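Some notes on the structure that comes next.
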Amino acid sequence: MGTAFPAPPRDEAELMMRATALAGRTLGYVAGQHVVAIPRDLRRAKGWPGQLLEIALGATASSRPIPDFPHLGIELKSLPVSARGRPVESTYVCTAPLSPDALGRWEDSWVRHKLARVLWIPLLGDGSPAERVVGTPVIWSPTEEEEALLRADWEAIASLVAMGELWQLRSQRGKALQVRPKGASRESTTWALDDGAQWVQDMARGFYLRPSFTGAILARELLLPE
DNA sequence: CTTTGATCATAC
DNA sequence: GTATGATCAAAG
């Protein structure tokens, strides 16, 4: 049996060693190693795969707004993929603040910092959680092209927020980065500055990466046919 | 089949 | 409510 709660990895190399060692294992096996209960499906345990991988790899950030491996500056993201290695879901990045001050500039935005270095762990299979299989890990930082794409999408969104045009924050915007609802329900709200510079409650939203964007990363790093 | 809008669990 | 971990499920 493995250690219930492994210590954080010393460095990126050790993290990659651990991640590589998980490749080919089922989530059921990994859960057994760390004495983690397995849900029968993900309908009421949507974050389970990600949280299991955090435990298995020694992540420490928990629910704090910092990278999963703070001392390494690395964010961990599980990524469900099809048999052909294509992402089947978008990837949540972070909350989208709806006021210009909170959004800040691209250079010091949450999105840019979170995506500066990411460990992607593909997960294969769409059956029971226990039967899903860990894929080959990918450690990634945005290329110049990818950063430019993210920046352009982010700045288009930021300008809408700056003008208080909250109704224009639609999911269809953005080639790589989109804004979508993010909350417990459609009633989940957050404070926002509207076009009359008044503070109002508006639907809570988050930044997400489109599957085409994450798919291109996997295809390149794993030499998959696109 | 892909995308969008909605939703679930948990910590604080 | 804000943050983390995301996927579900209806619509296009």
Side-chain angles (χ1 to χ4, degrees), chain A residues 5 27 30-31 34 36-70 74-99 101-103 109-111 113-115 118-132 134 153 157 166-193 199-216 226:
Chain A
F5 295 98
L27 293 186
V30 177
H34 302 287
V36 171
I38 304 169
R40 72 182 311 109
D41 60 52
L42 297 183
R43 281 182 300 185
R44 293 189 168 275
K46 296 180 179 180
W48 183 78
Q51 286 159 348
L52 174 61
L53 291 175
E54 286 185 349
I55 292 170
L57 295 172
T60 55
S62 180
S63 67
R64 293 177 292 166
I66 56 177
D68 294 294
F69 301 96
I74 296 175
E75 178 73 14
L76 173 66
K77 287 294 181 193
S78 65
L79 185 58
V81 299
S82 70
R84 290 172 46 228
R86 303 291 305 175
V88 299
E89 286 290 352
S90 54
T91 302
Y92 171 68
V93 180
C94 60
T95 302
L98 299 183
S99 73
D101 279 1
L103 256 180
S109 67
W110 289 355
V111 172
H113 286 150
K114 278 233 169 192
L115 299 182
V118 179
L119 174 59
W120 300 99
I121 310 268
L123 293 176
L124 297 102
D126 55 4
S128 73
E131 291 172 345
R132 300 191 186 201
V134 180
D153 287 343
I157 293 163
L166 306 170
W167 66 90
Q168 292 213 47
L169 295 174
R170 312 297 309 280
S171 304
Q172 27 294 64
R173 291 184 184 280
K175 293 186 177 71
L177 187 73
Q178 64 178 171
V179 170
R180 297 228 305 280
K182 169 64 177 176
S185 76
R186 77 187 325 283
E187 272 69 50
S188 297
T189 61
T190 189
W191 287 105
L193 210 49
W199 286 104
V200 296
Q201 289 282 322
D202 206 70
M203 183 185 294
R205 294 174 176 82
F207 285 109
Y208 296 78
L209 296 176
R210 291 186 179 277
S212 56
F213 183 77
T214 52
E226 290 225 39

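What you see is a predicted model, and the numbers here were worked out from it, not measured in a lab. A, B, ... follow the sequence lines: proteins, then strands. Residue 1 opens every chain.
A:Gly50 comes within contact range of the sugar-phosphate backbone alone, with a heavy-atom separation under 4.0 Å but no base atom that close. No contact: A:Gln201 has no heavy atom under 4.0 Å from any strand.
Within residues 120-132 of chain A, no residue places a heavy atom under 4.0 Å from DNA chain C. Listed by residue number, the members of residues 79-93 of chain A with any heavy atom below 4.0 angstrom from DNA chain B form an empty set.
Annotation: salt bridge (charged side-chain N to carboxylate O under 4.0 Å, His left out) contacts involving residues 49-67 of chain A, sequence neighbours excluded, are absent. Listed by first and then second residue, the salt bridge (charged side-chain N to carboxylate O under 4.0 Å, His left out) pairs involving residues 199-216 of chain A are A:Asp202-A:Arg205 (not counting sequence neighbours).
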Margin query: Evaluate A:Ser90 against A:Arg180 for side chain to side chain contact (heavy atoms under 4.5 Å, CB included), listing each step before the verdict.
Written below: CA-CA 10 Å; A:Ser90 54; A:Arg180 297 228 305 280; 3.0 Å; yes
Check: Passes side chain to side chain contact (heavy atoms under 4.5 Å, CB included), A:Leu98 versus A:Leu169? Steps please.
Finding: CA-CA 10 Å; A:Leu98 299 183; A:Leu169 295 174; 3.7 Å; yes
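The CZ atom of A:Phe207 sits 15 Å away from the P atom of B:dT4 (whole-angstrom rounding). Protein atom OH of A:Tyr208 is 13 Å distant from nucleotide atom P of B:dT7, rounded to whole Å. For the pair A:Leu209 CG and B:dT3 P, the interatomic distance rounds to 14 Å; values are reported in whole Å.
Taking only distance into account, the side chain of A:Arg180 meets the base of B:dG5 through a donor-acceptor pair shorter than 3.5 Å.
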Check nucleotides 9-12 of chain B against the protein and report each pair of N or O atoms closer than 3.5 Å, with its distance, or say if there are none.
residue: B:dA9; atom: OP1; partner: A:Arg44; partner atom: NH1; Å: 2.6
residue: B:dA9; atom: OP2; partner: A:Arg44; partner atom: NH1; Å: 3.4

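In this view, A:Tyr208 and A:Tyr92 satisfy the ring pair (Phe, Tyr, Trp, His ring centres under 6.0 Å) rule, not counting sequence neighbours. Remark: A:Arg43 pairs with A:Asp41 by the salt bridge (Lys or Arg N to Asp or Glu O under 4.0 Å) rule, at least two apart or across chains. For A:Ala184, the side-chain contact (heavy atoms from CB on, under 4.5 Å) partners are A:Ser188, not counting sequence neighbours. Shown here are the side-chain contact (heavy atoms from CB on, under 4.5 Å) partners of A:Glu89, two or more places apart in sequence or in another chain: A:Pro80. In this view, A:Glu75 and A:Lys77, A:Lys114 satisfy the salt bridge (Lys or Arg N to Asp or Glu O under 4.0 Å) rule, not counting sequence neighbours.
Proximity of A:Val111 to A:Leu177: side-chain heavy atoms (C-beta onward) are separated by under 4.5 Å at one or more points.
The two residues A:Leu42 and A:Pro129 make their nearest non-hydrogen contact at CD2-CG, 3.6 Å. Shortest non-hydrogen contact noted between A:Pro70 and A:Thr60 is CD-OG1, 3.3 Å. The shortest non-hydrogen separation linking A:Gln178 to A:Ser171 is NE2-O, 3.0 Å.
Across its full length, the helix from B:dC1-C:dG12 to B:dC12-C:dG1 shows an angle of 30° between the axes of its 5 terminal pairs at either end, rounded to 10 degrees.
We find the CG-CG distance between A:Asp153 and A:Leu209 to be 9.5 Å, quoted to the nearest 0.5 Å. With values rounded to the nearest 0.5 angstrom, A:Ile157 atom CD1 is found 8.5 Å from A:Arg173 atom CZ.
Looking at A:Trp110, its side chain never comes within 3.5 Å of a backbone N or O of A:Val93 through a donor-acceptor pair.
At the phosphate of B:dT4, OP1 or OP2 sits under 4.0 Å from a side-chain N or O atom of A:Arg210. Within the 4.0 Å cut-off from OP1 or OP2 of B:dA6, not a single side-chain nitrogen or oxygen of A:Ser185 is found.
Interface limits on DNA chain C: the 5'-most and 3'-most nucleotides within less than 4.0 Å of chain A heavy atoms are C:dG1 to C:dA9.
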